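What follows is a set of notes on a single structure, which appears directly below.
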Amino acid sequence: MATIRLFALILGAIILQGCTQAPPAIPEPEPAPTDRAYVPALDFDRNDVYGSGRVVHVASTAELERAVTSAAPYTTIVLADGVYDDVHVVVPRGTHHLTLKAAHRRRAVIRPRGKDDDAAFIFSRANLAEEAIHDLNFVGLVVCGEGGQFIKSEGGATYSVYNVYLADLEFADLFMGVYSGLHSHDWTLDRAFVHDSRWSHAWYMMGWHHTVQNSTFKNGSHDDVALRGYYPDGEKHTYIPDPDDPSCHGNIYVVDRKNRQGFLAPDDWTHLIRNNRFLGWEMHNPQRSRWNVHLALAYGIYPGDADCGAEKVYLPPQNVEIYGNTFSNRGQPEDAHTDAIQIDAWGGLETDHPAAIHGVFVHDNVFEREREDEAFLRAGYGDPDLSKVHAEKNRVVGP
């Protein structure tokens, strides 16, 4: 029996080694203040995070799925060390105050079943406010697997998921890390290590009050983080197809869109990117082109299906702040090209166009480039006027 147990431990260590990787030996950034970012006031070192007595220990994919789908509020699910294969859990509507944490930091490995609708965790769409999923925490896990996806918020929602804390995670070899959805708000990715992305973004960052802080990104794909727009709670949105009306395709539904810039107050914000390290890209990834970017902020309006009374549009990001980050392309292949930040704004910056982005604040960042033609700030689609970016105290190092 002892021999079998020893063999299992060795095999588990080999499997874990294929997913996990130590972050590069670079000085860690100073911890960011949490004045705006959503960070729950919980002690994640405790087994019973909420002190509720509701603690479920799991050691297999089947046990994990049962624990999540049947969880009462204020439940902590503790994942034993090991590999959880073929994970695909549909989180029920109305789930709230639920924490999934590794028994030992980054020794529980989630392997998603696939991407999109086969992501490891699907957040069910809510048609009513009381159906919204909220106050979820994922702590100390590794998510690994070629072509997989960690989280997807289901489309066609009227209300979406809020108060989500993703802490001390490692994403490796994924198609996409997180797709938060347009209604989502108050999500934070904190102290993550994201590396060797397979196809798409670490976070397709739709929604508002979303933060990435104290994290390291290495060898990304497409772009490391995609900053997009949002949509107000109480109004339905959908992509292709509309689950309630399959005859309507490629639309996001808009009620009284005329002359509306968005429902957030003018001084409210959508995205905060602070105290992170965005490191160089290798070129073995099939999605990666020779021209890449670490952060992509983008918004545009497209024609919709007039017969459905819809535009293919959501609302633009606003008051985006990017500060205290290091963008380093040191060690990239000579023919690789990676800009730090690209802004695509079909309606421009600070204009009266309904697709304009208002409030982009970029300060106290460092960009270590390998090529002279790598830009710290680049104007992309729409050719926005970068003089409208509130940029100061940024430093470019290199040729």
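Note that the structure is a prediction, hence the values are computed from the model and not measured. This chain uses plain numbering: 1 for the first residue, then up along the sequence.
- Between the side chains of D190 and T188, no donor N or O sits under 3.5 Å from an acceptor N or O.
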Note to self: Run the salt bridge (charged side-chain N to carboxylate O under 4.0 Å, His left out) test on R111 and D86 for me, step by step, so that the C-alpha distance in whole Å, both residues' side-chain angles and the decisive distance to 0.1 Å come before the verdict.
What the structure shows: CA-CA 6 Å; R111 288 188 177 274; D86 194 37; over 6 Å; no
Checklist line | Verdict with reasoning, Q342 to D344, per side-chain hydrogen bond (donor to acceptor under 3.5 Å, both in side chains) | finding: CA-CA 7 Å; Q342 178 168 311; D344 302 324; 3.0 Å; yes
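- When the options W203, Y162, W187, Y204 are evaluated for a side chain to side chain donor-acceptor pair (under 3.5 Å) with S180, the one that passes is W203.
- Of all non-hydrogen atoms in F171 and A202, the two that sit nearest each other are CE1-O, 4.3 Å.
- The 12-atom threshold is not exceeded at NE2 of H104, counting heavy atoms of other residues, nucleotides or ligands nearer than 6.0 Å.
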Note to self: Pair L98, V68 - check side-chain contact (heavy atoms from CB on, under 4.5 Å), show working.
What the structure shows: CA-CA 8 Å; L98 175 65; V68 172; 4.2 Å; yes
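- For R395 (side chain) and F367 (main-chain N/O), no donor-acceptor pair under 3.5 Å exists by modelled atom type.
- The shortest distance between side-chain heavy atoms of V194 and V225 does not fall below 4.5 Å.
- The ring of Y381 has its center closer than 6.0 angstrom to the ring center of W346.
- Without hydrogens or angle criteria, T216 side chain to R277 main chain gives no donor-acceptor distance under 3.5 Å.
- A 6.0 Å sphere centred on CZ of R330 holds more than 12 heavy atoms belonging to other residues, nucleotides or ligands.
- Taking all atoms of both residues into account, the shortest heavy-atom contact from L79 to A108 is CB-CB, 3.8 Å.
- No more than 12 heavy atoms of other residues, nucleotides or ligands lie within 6.0 Å of OH in Y74, so this atom counts as exposed by the packing criterion.
- With hydrogens and angles disregarded, a donor-acceptor distance shorter than 3.5 Å links the side chain of K101 to the backbone of F44.
- Residues Y50 and T76 have side chains that never bring a donor and an acceptor to within less than 3.5 angstrom of each other.
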Item checked: ring-ring contact (aromatic ring centres under 6.0 Å, His included) between F193 and H195, intermediate numbers included -> CA-CA 7 Å; F193 178 38; H195 60 92; 4.6 Å; yes
Margin query: For S184 and H210: C-alpha separation, side-chain torsions, deciding distance, then whether side-chain hydrogen bond (donor to acceptor under 3.5 Å, both in side chains) applies.
Written below: CA-CA 9 Å; S184 64; H210 287 340; 2.9 Å; yes
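- The pair R36-E321 meets the salt-bridge criterion, with a side-chain N (NZ, NE, NH1 or NH2) lying under 4.0 Å from an Asp/Glu carboxylate O.
- Note: Y38 and Y165 have perpendicular aromatic rings, judged against thresholds of 30 and 60 degrees for the angle between ring planes.
- Between the side chains of E350 and H358, a donor-acceptor pair is found at a separation under 3.5 Å.
- Between the side chain of N365 and the backbone N or O of G324, at least one donor-acceptor pair lies under 3.5 Å.
- Taking the six-membered ring for Trp, H209 and H271 have ring centres at least 6.0 Å apart.
- T326 and E368 form no side-chain donor-acceptor contact under 3.5 Å, judged by distance and modelled atom types alone.
- A parallel orientation is assigned to the rings of F278 and F217, their planes being inclined by less than 30° (bins at 30° and 60°).
- Looking at D48 and R46, no side-chain N of the basic residue comes within less than 4.0 Å of a carboxylate O on the acidic one, giving no salt bridge.
- Between the side chain of N325 and the backbone N or O of I273 there is at least one donor-acceptor pair closer than 3.5 Å.
- Comment: R378 engages D339 in a salt bridge, judged by a side-chain N to carboxylate O separation of less than 4.0 angstrom.
- What you find for H201 and A226 is that their closest heavy atoms are ND1-CB, 3.5 Å.
- For the residue pair H294/D223, the side-chain donor-acceptor check at 3.5 Å is not satisfied.
- A102 and L141 get closest at one heavy-atom pair: N-CD2, 3.8 Å.
- Residues N329 and E374 bring a donor and an acceptor atom of their side chains to less than 3.5 Å of each other.
- The residues R105 and D168 are annotated as salt-bridged, a charged nitrogen and a carboxylate oxygen being separated by less than 4.0 angstrom.
- With N219 as the fixed residue, the side chain to side chain donor-acceptor pair (under 3.5 Å) test singles out one of D224, D196, D173: D196.
- Shown here for N394 and V362, the closest heavy-atom pair between the two residues is ND2-O, 3.0 Å.
- Linking ILVMFWY residues whenever their side-chain heavy atoms come closer than 4.5 Å, directly or via other members, leaves V78 and Y84 in distinct clusters.
- Taking the six-membered ring for Trp and the full ring otherwise, F121 and F150 have centroids separated by under 6.0 Å.
- Under a hydrophobic clustering in which Ile, Leu, Val, Met, Phe, Trp and Tyr are joined whenever their side-chain heavy atoms come within less than 4.5 Å, directly or via other members, I322 and L386 fall into the same cluster.
- Checking side-chain atoms of S160 against main-chain N and O of G181 turns up no donor-acceptor pair under 3.5 Å.
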